[in-house]
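Okay, so here's the structure we're looking at.
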Amino acid sequence: MINITLPDESIKSFEDPPSGLDIAKSISEGFARNCVAYEIGGEVYDLNTKINNNAAIRLITTRDEEARDIMRHSAAHVMAEAVCRIYKDAKLTIGPIVEDGFYYDIDMEPVSEDAFPEIEAEIKKIIKAKIPFERFEVSKAEALDFFKDEPYKLEMISELEDGNISLYKQGGFTDLCRGPHVPHSGYIKAVKLMKVSGAYWRADQTKEQLQRIYGTAFFDKKELKEYLHFLEEARKRNHRKIGAALDLFSFHDEAAGMPFFHPKGMALWNLLIEYWRYEHKKAGYVETKTPVMLNWKLWEKSGHWENYRENMYTSVIDDDGYAIKPMNCPGGMLLYGEKSHSYKEFPMRVGEIGLVHRHELSGVLSGLFRVRAFHQDDAHIFMMPDQIEGEILGVLKLVERIYSTFGLGFHLELSTRPEKSIGSDEQWETATNGLISALDSYGMDYVINEGDGAFYGPKIDIHIKDALKRTWQCGTIQLDMSLPERFDLTYVGKDNEKHRPVMIHRVVYGSIERFLGILIEHFEGKFPLWLSPVQVVLLPINDELIPYADEVRESLEDSGIRSEVDGRTESLKKKVRDAQLNRIPLILTIGEKEKTAGTFSVRTLDGKVRFGLSKEDFLKQVNIHINERKLNWDIFDD
RNA sequence: GCCCACGUAGCUCAGUCGGUAGAGCGCUUCCUUGGUAAGGAAGAGGUCCACCGGUUCAAUUCCGGUCGUGGGCUCCA
């Protein structure tokens, strides 16, 4: 007799060892159809695996996140089989799941997406046949023999410990796999191949070039459709497209990876920085500026020459070596070291919006997201060890305030000491504990990445979440135990002795260029009123009203509102359409009625039109929205 | 840096199985002076299709290389 405890504490008894499916069926047939696997004590098993002892189990249904991952892994196997059916010489390597689906790295002739229809057709055949996934276990020797024609599998097996090795068989196709899998291929309801790219075996450039085929799969065709719709949305929001359409920035072959900002892009830029300065000044920061190009001796001292040289732009001037800064910190160290400091000055919050250049590999460049020249909204904070917690907490609060102004959510990740690191155990403990207590008193949950810190100190990364729920790492707070040492930075303590200050680097926007790119996608180019490069466009309904429109524009500019007159000889409809496409938040139509009555007719970005507003009411609402940096488009809908 | 794809008018793209290029938008001019998402007409605009070579009677089209862009890999103090 086997007793199975279900999550609701109820107990089911079975004469013979039951499989997960037996248990599910004992609840109901309908429920059983939605089950894909089960879990005992954190281990996940195939639905068909029998349970030989009393256990507490949880059945995993298609509603559970983990069920989708199991199914996608099965889909990877199905795709591998399909590819092998078509490409007889294909040699399989690994096929894991990733965030949005799965991929399989296969050693085969290069394929392009043109091959997808054929592979997908083969996949559908396999799915339709509802081929069961059967698990069986073999010894290492048997496994080696079984895969004797699969060099990559052999390599993987040879690295496994001797003992039982699990294989999964689906019809005539067997793959080395830990599992678990869905009961049969029919569980994969909707599958689509997404893209193909090159990848190296074991991510090693010196090893074989493989074809990585990406796919995604869902339990439901509707979900696949929604996912494709999401991708389409993301594509429409692409900041490169919107940036070109709104005339914000461009790239040129003469400076790959280095953006050129147009007047409207520059307006956005300045507004971001203006806001940054406002918040930072309030938070007790001062601002500095250090040179872009510095002598190599500085980089030698900072360690960059040794560790980062291949990413630095260098030059020789008067027979002396110079490098363009890839980071602001060494310059900041020189500034600190320029004079002596007392503990009474601490914490010293020294900001710098610094232009840095990094020679990133050509293949990684990507719009504003990955560039070779960018501005960091850097700051170095110098303090005593017992100030770590308070300062980190201060940065977290500043970060929260700034991100929330843009309607961006975020989550935190703490990275701790890596294997290769400098500094004593005690230093690391003080530093890490300081970060942890700051995180704890901040009170938000955070992810811990063990051993993922920089070699010079632990760090907190801040990942923002945009309107499409995509996450981006922007902010970071890094404790640095290396540079103060290398630059022999000191302060005089209460005891009148010299001490080593604790120093952190921190950024909020991260790269201003990248942050701007994220904002463009987040807002789909429809910036809140305070941030819009052009806030108001005036549309005279005929040419005679242009002088009056110009007059109104001037008075709006006097009130600090960025305005333009569209004086083209075009129909009103046309000008409205263009203004809407240009995502200008407020359209003022200027006709005889408005001129005579001295009122405004206002159209907001959501298409709502209001007639006969008094100038005073209009300015009042506009100013409230700008000054409070409100996020909603309809400024009259409070 | 590596793999794959791409690079045609300011923009979006079509086209030529090798015989010296097209549409829409935008721009200019003219007509229209229009009340909330495209009024009408005419015209200009490409060293001929990123750049450099090669094959060919002939290349934008085929081949090689370079540069750039996109996706992925890798890298990321």
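Labels below follow one simple rule: chain letters A, B, ... track the order of the sequence lines, proteins then strands, and each chain is numbered from 1. These figures come from a predicted structure and were not determined experimentally.
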Nearest-Å distance once atom P is located in both B:C67 and B:C51 | 16 Å

Value in whole Å for how far the P atom of B:G68 lies from CD of A:Glu254 | 10 Å

What interatomic distance, in whole Å, is found between C1' of B:G15 and the corresponding atom of B:A23?
-> 11 Å

Cationic tip of A:Lys420 within the cone over A:Phe455's six-membered ring, i.e. under 6.0 Å and within 45° of the normal?
-> no

Quantified in whole Å, what is the P atom distance between nucleotide B:C13 and nucleotide B:G53?
-> 30 Å

Could you verify whether a donor N or O on one side chain and an acceptor N or O on the other, from A:Thr476 and A:Asp461, lie under 3.5 Å apart?
-> yes

In whole angstrom, what separates A:Arg568's CZ from B:C25's P?
-> 14 Å

A:Lys595 side chain near B:G35 phosphate (N/O to OP1/OP2, under 4.0 Å) = no

Which part of the nucleic acid does A:Glu592 contact within heavy-atom distance under 4.0 Å: base, sugar-phosphate only, or nothing?
-> base

B:G24 and B:A9, which share atom name P, separated by this distance in whole Å | 16 Å

Based on Watson-Crick and G-U pairs with both distances under 3.5 Å, what dot-bracket line describes RNA chain B 5' to 3', crossing pairs as [ ] and inter-strand pairs as |?
-> (((((((..((((.....[..)))).(((((.......)))))......(((((..]....))))))))))))....

B:C73, B:U33, B:G35: which one has an atom nearest the side-chain heavy atoms of A:Lys593?
-> B:G35

Is it the case that more than 12 heavy atoms not belonging to A:Gln473 sit under 6.0 Å from its CD atom?
-> yes

Which nucleotide in the set B:U36, B:C73, B:U32 lies at the smallest distance from any side-chain heavy atom of A:Val364?
-> B:C73

Atom-to-atom span, CZ of A:Arg577 to P of B:G26 - whole angstrom = 8 Å

Using the C1' atom as the reference point in each nucleotide, state the distance between B:U12 and B:G26 in Å, no decimals.
-> 11 Å

Any idea which of B:G39, B:C73, B:G35 is nearest the A:Lys573 side chain?
-> B:G39

Return each pair, listed once, that meets side chain to side chain donor-acceptor pair (under 3.5 Å) where at least one residue sits in residues 570-593 of chain A; pairs must be two or more places apart or across chains.
-> A:Arg568-A:Asp578

Let me see the working for A:Asp100 and A:Arg72 under salt bridge (Lys or Arg N to Asp or Glu O under 4.0 Å), right down to the final yes or no.
-> CA-CA 9 Å; A:Asp100 293 317; A:Arg72 284 177 170 172; 5.7 Å; no

Which is true for A:Gly367 with a 4.0 Å heavy-atom rule: it touches a base, it touches only sugar-phosphate, or it touches nothing?
-> sugar-phosphate

Backbone N/O of A:Glu521 and side chain of A:Arg237: donor-acceptor pair under 3.5 Å | yes

Using only side-chain N and O atoms of A:Ser366, determine if any of them is under 4.0 Å from OP1 or OP2 of B:G71.
-> yes

Within less than 4.0 Å of OP1 or OP2 of B:C73, is there a side-chain N or O belonging to A:Tyr214?
-> yes

Kindly say whether, by distance alone, the side chain of A:Glu360 makes a donor-acceptor pair under 3.5 Å with the base of B:G1?
-> no

Check whether any side-chain N or O of A:Arg603 sits under 4.0 Å from OP1 or OP2 of B:A37, and answer yes or no.
-> yes

May I have the distance from A:Ile213 (atom CD1) to B:C73 (atom C1'), rounded to whole angstrom?
-> 15 Å

Is there a donor-acceptor contact under 3.5 Å linking the side chains of A:Glu450 and A:Thr416?
-> yes

Roughly, in whole Å, what's the span from CG in A:Leu605 to C1' in B:A37?
-> 12 Å

Relative to the 5' end of RNA chain B, which residue comes earlier, A:Asn542 or A:Ala256, by the nucleotide with the nearest heavy atom?
-> A:Asn542

What's the CG-P distance between A:Asp578 and B:G39, to the nearest Å?
-> 9 Å

Residues in contact with RNA chain B, drawn from residues 235-253 of chain A - heavy-atom cutoff 4.0 Å = A:Arg240, A:Asp253

Distance in angstrom units between A:Leu365 CG and B:C73 P, rounded = 15 Å

Whichever of A:Lys195 and A:Ser302 has its nearest RNA chain B nucleotide further upstream toward 5' = A:Lys195

Mind checking the C1' distance from B:A50 to B:U60? Whole angstroms is fine.
-> 12 Å

Between A:His262 and A:Phe249, is the ring centre distance below 6.0 Å?
-> no

Looking only at atom P, what distance separates B:C75 and B:U16, rounded to whole Å?
-> 43 Å

Are A:Ser362 and B:G1 close enough that a side-chain N or O sits under 4.0 Å from OP1 or OP2?
-> yes

What is the nucleic acid contact for A:Gly457, judged by heavy atoms within less than 4.0 Å: base, sugar-phosphate only, or nothing?
-> nothing

Expressed in angstrom and rounded to an integer, what is the separation of A:Lys574 atom NZ from B:A38 atom P?
-> 9 Å

What's the closest nucleotide to the A:Arg370 side chain, out of B:G1, B:G35, B:C76?
-> B:C76

Interatomic distance at C1', B:G71 relative to B:C11, whole Å | 23 Å

Which word best sums up how the rings of A:Trp472 and A:Phe369 line up, parallel for under 30°, tilted for 30 to 60°, or perpendicular for over 60°?
-> tilted

Relative to the ring of A:Phe260, is the ring of A:His252 parallel (under 30°), tilted (30 to 60°) or perpendicular (over 60°)?
-> perpendicular

So what does A:Gln473 hit on the nucleic acid, given a heavy-atom distance under 4.0 Å: a base, only sugar-phosphate, or nothing?
-> nothing

Evaluate side chain to side chain donor-acceptor pair (under 3.5 Å) for A:Trp201 paired with A:Glu155, printing each intermediate quantity in order.
-> CA-CA 11 Å; A:Trp201 172 233; A:Glu155 188 176 328; 3.1 Å; yes

Check: A:Tyr322 ring centroid to A:Trp296 ring centroid under 6.0 Å = no

